[in-house]
Engineer: 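The structure's right below; bear with me while I get my questions together.
Since this is a predicted model, take the numbers as computed values, not measurements. Numbers restart at 1 for each chain; the letters A, B, ... are given by sequence-line order, proteins then strands.
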2 protein chains.
Amino acid sequence: MHEQEDLKNAGLKVTLPRVKVLEVFRTADTRHLSAEDVYHRLAGQSADVGLATVYRVLTQLEEAGMLARNTFNAGKAVYELNEGRHHDHLICLGCGRTDEFTDPTIEKRQKAVAESFGYELRDHQMALYGYCPDCAAKRAED
Amino acid sequence: MHEQEDLKNAGLKVTLPRVKVLEVFRTADTRHLSAEDVYHRLAGQSADVGLATVYRVLTQLEEAGMLARNTFNAGKAVYELNEGRHHDHLICLGCGRTDEFTDPTIEKRQKAVAESFGYELRDHQMALYGYCPDCAAKRAED
DNA sequence: TTGGAGTTGAGAATTATTCTCGATGGCTCG
DNA sequence: CGAGCCATCGAGAATAATTCTCAACTCCAA
């Protein structure tokens, strides 16, 4: 409901596409949405925002720190609302279910590793792939 | 020099493109090569292997466990010889330099996290991004 | 050496994303 | 409140990475 202020604070002009895209993320059933996903959800609700614009807006919102971009399996990028607290992902190879977690020990070690190589750490990406409880059970049956 | 046996052991027919692609990896100056990279190196040495074939062979060699695929920044995939010992990457945002490392503590924690969610862990990818010593120094000057 | 299954190469097709450009719409100033 | 400028938009073309299609070719076992 406060999309307008958020955009203004980020130094972005308040336009219909930007407000609508944010709205989609705030009301979506899933946390992770691709450009195509967002595009379809908007098309489904009279708001006719072009695909190119969706891509543009996603990039801008990411740069403004309001969204976080992830490229899991490769192929396509997905975005999620950036709520401040960083986290990593656990992804099911069977059904695509995605869980989020943070592990202080891992974060600490990452910093240590980077330091030991003399690097100035800026970012990282980590994803664990496996089978969720349901899919693991299903696979065990065969 | 033992490309032939390696291929045979993997159950792959010994063909010129497969041998050549492996050779490229074994004699390259860099560990990480994209399909395009491999293609150009082959073109540069009379061996005329089509780009589509390079892609096919890379996929096959990966499935056979002889190469490992990584999709760092997204965009394009790179491959490297799979020498058994798993490792993660540290990538310089300035010059693209790539270092490799393994951290038992992180591996252990990853397993623990997956378990705590009831997942059957199969694989993971992790990359740390930052500035290498050289690039960090250059950036500090400004 | 010969035949067939597996493999190749060239180019077309696909997928994800970005660019181009004329039209449109926020927003600042008067 | 209205005018105009500049940022933004939409559509479709363009790009980039990768995969598909299919006729021609090559390994290799017999």
Engineer: Give the nucleotide from the list dG25(C), dT17(C), dC22(D) with an atom nearest to the side chain of Y55(A).
Structural biologist: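 Selected nucleotide (nearest to the side chain): dT17(C).
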Engineer: Please tell me whether H87(B) and E80(B) have a donor and an acceptor in their side chains that are separated by less than 3.5 angstrom.
Structural biologist: yes
Engineer: On DNA chain D, does the nearest nucleotide to V57(A) precede the nearest nucleotide to A35(B) from the 5' side, or the other way round? Give the residue.
Structural biologist: V57(A)
Engineer: Does the side chain of H86(A) come under 3.5 Å of the side chain of E100(A) through a donor N or O and an acceptor N or O?
Structural biologist: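 There is no such pair between these side chains.
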Engineer: Using heavy-atom distances to pick each residue's nearest nucleotide on DNA chain D, tell me which of G11(A) and T59(B) is more 5'.
Structural biologist: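 Comparing both residues, the 5'-ward one is G11(A).
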Engineer: Are R56(A) and T59(A) close enough that a side-chain donor and a side-chain acceptor fall under 3.5 Å?
Structural biologist: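 Judged by distance alone, the side chains do not pair up.
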Engineer: May I have the distance from L12(B) (atom CG) to dT7(C) (atom P), rounded to whole angstrom?
Structural biologist: 7 Å
Engineer: Specify the separation, in whole Å, of atom OH of Y39(B) and atom C1' of dG11(C).
Structural biologist: 12 Å
Engineer: Within this structure, what is the CG-to-P distance between L7(A) and dT8(D), rounded to whole angstrom?
Structural biologist: 11 Å
Engineer: Any N or O donor-acceptor pair under 3.5 Å from the base of dG26(C) to the side chain of R18(A)?
Structural biologist: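 Not at all, since no donor on one side and acceptor on the other fall under 3.5 Å apart.
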Engineer: Would you mind telling me which of dT7(C), dT18(D), dC6(D) lies closest to the side-chain atoms of K13(B)?
Structural biologist: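 The closest nucleotide is dT7(C).
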Engineer: Can you check the R56(A) CZ to dA7(D) P distance for me, whole Å?
Structural biologist: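 Interatomic distance, CZ of R56(A) to P of dA7(D): 14 Å.
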Engineer: When you measure from the side chain of V49(B), which nucleotide among dG9(C), dT8(C), dT18(D) comes out closest?
Structural biologist: dG9(C)
Engineer: E63(A) CD to dT18(C) C1': how many Å, rounded?
Structural biologist: 14 Å
Engineer: Between D37(A) and H32(A), do the side chains contain a donor N or O and an acceptor N or O under 3.5 Å apart?
Structural biologist: no
Engineer: In this structure, how many angstroms lie between the C1' atom of dT7(C) and the CG atom of D48(B), rounded?
Structural biologist: 17 Å
Engineer: Quick one: Q4(A) CD to dC27(C) C1', roughly how many Å, whole number?
Structural biologist: 14 Å
Engineer: Does dC9(D) have OP1 or OP2 sitting under 4.0 Å from an N or O in the side chain of T15(A)?
Structural biologist: yes
Engineer: Check every atom of dG9(C), dT20(C), dC27(C) against the side chain of P17(B) and return the nucleotide holding the closest atom.
Structural biologist: dG9(C)
Engineer: With heavy atoms under 4.0 Å as the rule, sort T53(A) into base, sugar-phosphate or nothing.
Structural biologist: base
Engineer: Mind checking K76(B) for me? I need base, sugar-phosphate or nothing, with any heavy atom below 4.0 Å counting as a touch.
Structural biologist: sugar-phosphate
Engineer: With respect to E3(A), which candidate in R18(A), K8(A), R26(A) satisfies the salt bridge (charged side-chain N to carboxylate O under 4.0 Å, His left out) definition?
Structural biologist: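 Single salt bridge (charged side-chain N to carboxylate O under 4.0 Å, His left out) partner of E3(A) among R18(A), K8(A), R26(A): R26(A).
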Engineer: In whole Å, I'd like the distance from the CD atom of Q60(B) to the C1' atom of dT19(D).
Structural biologist: 13 Å
